[in-house]
Each structure stands twice: as C-alpha cells, then as structure tokens.
Amino acid sequence: MIYNRLTSLFYESHDTKSMAKALLGCELVHDSPDGLTSGIIIETEAYLQDDPACHAYNRYTPRTQPMYGDPGTIYVYHIYGMYQCLNVVSNRAGIGEAVLIRALKPIRGLELMHARRERAHSRANVSRKKMRTEDLCSGPGKLVQSMGISKALHNNGTFTEGDLFIIPAQISGFEIDVTTRIGLRVGTELPYRYIIREDALKM
DNA sequence: CCGGTGATGTTC
DNA sequence: AACATCACCGGG
C-alpha cells in the first residue's frame with residue numbers, strides 16, 4: 001500500500017479556517033505497530049490566535065508550544081482528566097493556531113478500533129455495551145482512543161513524517177455545514193465548526 | 001441532565 | 001500551594 005500523504009505544501013498553503021474545511025473528506029491514518037486504522041475526517045473546528053477559546057490565546061506555555069510550531073505539527077492535549085484531543089497545527093510558525101479533528105467515519109482497522117475502545121472502557125470501569133462501528137470515532141476523545149493516538153506518542157510530532165498522517169480527499173462534491181463550536185464557554189458566537197453534510201456519507 | 005477525572009494554567 | 005478551568009463521555 002502506497003500512501004500519498006499530504007505534505008507540508010498542503011499545511012502551508014491554507015489559513016486556519018480554509019484548512020479546517022480542506023481537511024473534510026481527507027483520511028486520517030495511523031500505521032501503528034498494532035495495525036493500521038483510518039477514517040475520513042467529517043467534522044473539524046478552527047482555533048485562531050485572536051480567538052478567546054484558543055489554547056494559545058494570549059498564552060505561550062509548555063502545553064501550547066506545539067501550536068506555535070510549523071504547519072502540519074501534531075498537537076495532542078489532555079482534557080477532563082481522561083480524554084485527549086487531536087489537532088492539526090496551522091498557520092506559520094510563531095502563530096498559535098490549529099484545527100481540532102472532531103469526528104471520523106471509520107474506514108480501516110475496524111476490529112482494532114473496537115478492541116482499543118473496549119480496553120479504554122474496561123480501564124474506565126464502564127459497563128460493556130455493544131459498540132456500534134459508526135460511534136467509534138464520533139467525538140474528539142473517542143477518535144483518539146480508536147485510532148491509538150496519544151499525547152506521549154504524537155504530541156509535537158508532525159503529520160508530514162512518521163506513523164500518523166493524512167491522505168487527500170477520498171470523497172468530494174459534498175456540502176459543508178458551518179456552525180458555532182461545541183463545549184466552549186468563550187468564543188461561542190464564532191462560526192468555526194465545519195461538518196460534512198450527512199447525505200454525502202451514505203455511499 | 002449531570003458527575004467523574006487529572007493535567008494545566010493562574011493566582012496567591 | 002491552592003484554586004479554577006476545561007475543545008469529553010457515558011449513564012439515566
């Protein structure tokens with residue numbers, strides 16, 4: 001299998017909002033020692049330097065440092081004690097902006113995704129329930145678990161090299177819904193959330 | 001709806 | 001050395 005991963009040209013040639021849109025339909029791939037998993041990116045959010053909801057808003061700290069790196073840098077952060085979220089760093093080095101990957105349509109390695117999610121559940125002492133394939137990556141914390149992504153492994157790495165990368169759009173011709181972002185207390189009025197309209201996914 | 005959970009940043 | 005704050009998830 002040959003992968004034509006997106007190169008630094010892609011990450012350099014979009015501003016943050018256009019990158020959030022351009023990533024829709026692309027396929028996120030993790031070629032891990034346990035096996036390969038992938039999914040089509042169906043929901044993203046943009047976080048800009050002048051945006052109060054952005055981790056890098058008026059801050060340059062150890063956590064946010066990767067956001068100031070080159071476009072295509074991987075930013076993974078811890079949230080709510082038990083989850084992690086995956087971001088694609090955007091804009092040029094020195095500007096702290098990124099795109100949050102919020103949901104995928106699972107494509108490859110479905111069994112491995114199920115296994116990883118079950119392992120996460122038993123660790124969290126959550127009762128075993130039948131897990132539907134379409135729910136494996138239906139949130140930013142869940143997709144990180146299913147894909148085997150972690151802060152320890154990936155934070156401050158890059159999508160342009162290594163085992164975690166993105167390949168160009170696998171679907172096209174879809175409509176994009178734009179809404180305000182989810183789960184925020186500030187910046188709630190900004191229309192920086194992008195979702196592939198659902199009918200495009202029934203293939 | 002609502003609580004678990006712990007890293008991170010901010011303030012003292 | 002506290003304290004407050006979360007770009008979430010699952011159960012009810």
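Note that these values count all heavy atoms, side chains included, but never hydrogens, waters or copies made by symmetry. Quick note on labels: first sequence line is chain A, next is B, and so on, each numbered from 1.
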Checklist entry - What parts of residues 117-125 of chain A reach DNA chain C, counting only heavy atoms under 4.0 Å away? => result A:Arg117, A:His121
Would you tabulate the nitrogen or oxygen pairs shorter than 3.5 Å linking the protein to nucleotides 10-12 of chain B?
from	atom 1	to	atom 2	distance (Å)
B:dT10	OP1	A:Arg59	NE	2.9

Checklist entry - Rounded to the nearest Å, what distance is computed from the CD atom of residue A:Glu43 to the C1' atom of nucleotide C:dA7? => result 11 Å
Item to check | Nearest atoms (heavy-atom pairs only) where A:Thr16 meets A:Ala46 | outcome: CG2-CB, 3.9 Å
Next on the checklist: Nearest to the A:Val126 side chain among C:dG11, C:dA7, C:dC6, which nucleotide is it?
Outcome noted: C:dG11
Checklist outcome for this item: DNA chain B nearest-nucleotide lookup for A:Arg63 and A:Tyr80: closer to the 5′ end is A:Tyr80
Checklist entry - For the side chain of A:Pro62, counting heavy atoms from C-beta on, which of C:dC8, B:dT5, B:dG9 is nearest? => result B:dG9
Checklist entry - For residues 140-151 of chain A, which residues have at least one heavy atom under 4.0 Å from DNA chain C? => result A:Pro140, A:Gly141, A:Lys142
Next on the checklist: Could you report the tightest heavy-atom contact between A:Cys137 and A:Pro106, atom names first, then the distance?
Outcome noted: SG-CG, 4.1 Å
Checklist entry - According to the 5.5 Å centroid and 30° plane-angle thresholds, does A:Tyr77 stack upon the nucleobase of C:dA7? => result no
Item to check | Check: A:Lys142/A:Ser138 side-chain N/O donor and acceptor closer than 3.5 Å | outcome: yes
Checklist entry - Just wondering, are more than 12 heavy atoms of other shown residues or ligands nearer than 6.0 Å to CD in A:Glu12? => result yes
Next on the checklist: In whole Å, I'd like the distance from the OH atom of A:Tyr47 to the C1' atom of C:dC6.
Outcome noted: 11 Å
Item to check | DNA chain C: 5'-proximal contact among A:Glu45 and A:Met131 (nearest heavy atom) | outcome: A:Glu45
Checklist entry - Pairs in or reaching into residues 82-137 of chain A: which pass ring pair (Phe, Tyr, Trp, His ring centres under 6.0 Å), with residues at least two apart or in two chains? => result none
Item to check | A:Glu189 CD - C:dA7 C1' separation (whole Å) | outcome: 15 Å
Checklist outcome for this item: All stems that DNA chain B takes part in, i.e. 3 or more consecutive Watson-Crick or G-U pairs with distances under 3.5 Å, are B:1-4 with C:8-11, B:6-11 with C:1-6
Checklist outcome for this item: Here the distance between atom C1' of B:dT8 and atom CE of A:Met67, to the nearest Å, is 14 Å
Item to check | Nearest-Å distance for atom pair OH/P, residues A:Tyr83 and C:dC6 | outcome: 18 Å
Checklist entry - Does anything in residues 127-168 of chain A pair up under ring pair (Phe, Tyr, Trp, His ring centres under 6.0 Å), and if so which pairs, sequence neighbours excluded? => result A:Tyr3-A:Phe165, A:His30-A:His154
Checklist outcome for this item: In whole angstroms, the gap separating P of C:dA4 from NE2 of A:His55 amounts to 20 Å
Next on the checklist: Whole angstroms only, please: what is the CD1-P distance between A:Ile182 and C:dC6?
Outcome noted: 16 Å
Checklist outcome for this item: Whole-Å distance, A:Asp51 CG to C:dA7 C1', equals 10 Å
Checklist entry - Is NZ or CZ of A:Arg92 both nearer than 6.0 Å to the six-membered ring centre of A:Tyr68 and within 45° of the ring axis? => result no
Next on the checklist: Ignoring hydrogens, what is the shortest heavy-atom contact between A:Ser146 and A:Arg116? Give both atom names and the distance.
Outcome noted: O-NH1, 3.0 Å
Item to check | Pair A:Thr73, A:Asp70: side-chain N/O donor-acceptor within cut-off below 3.5 Å | outcome: no
Checklist entry - Is the shortest distance from a Lys or Arg side-chain nitrogen in A:Arg102 or A:Glu45 to a carboxylate oxygen in the other one below 4.0 Å? => result yes
Checklist entry - Is there a side-chain contact between A:Val29 and A:Thr37 (heavy atoms, below 4.5 Å)? => result no
Item to check | Closest listed nucleotide, where the reference is the side chain of A:His78 and the choices are C:dG10, C:dC8, B:dA7 | outcome: B:dA7
Checklist entry - Quick one: do A:Asp51 and A:Arg181 make a salt bridge, cutoff under 4.0 Å? => result yes
Checklist entry - Looking at the rings of A:Tyr47 and A:His55, which for Trp means the six-membered one, are their centres under 6.0 Å apart? => result no
Checklist entry - Contact class for A:Leu100 (heavy atom, under 4.0 Å): base, sugar-phosphate, or nothing? => result base
Checklist entry - Is a donor on one side and an acceptor on the other found under 3.5 Å between the side chain of A:Thr160 and the backbone of A:Thr7? => result no
Checklist entry - Does a donor on one side chain sit under 3.5 Å from an acceptor on the other, for A:Ser38 and A:Glu27? => result yes
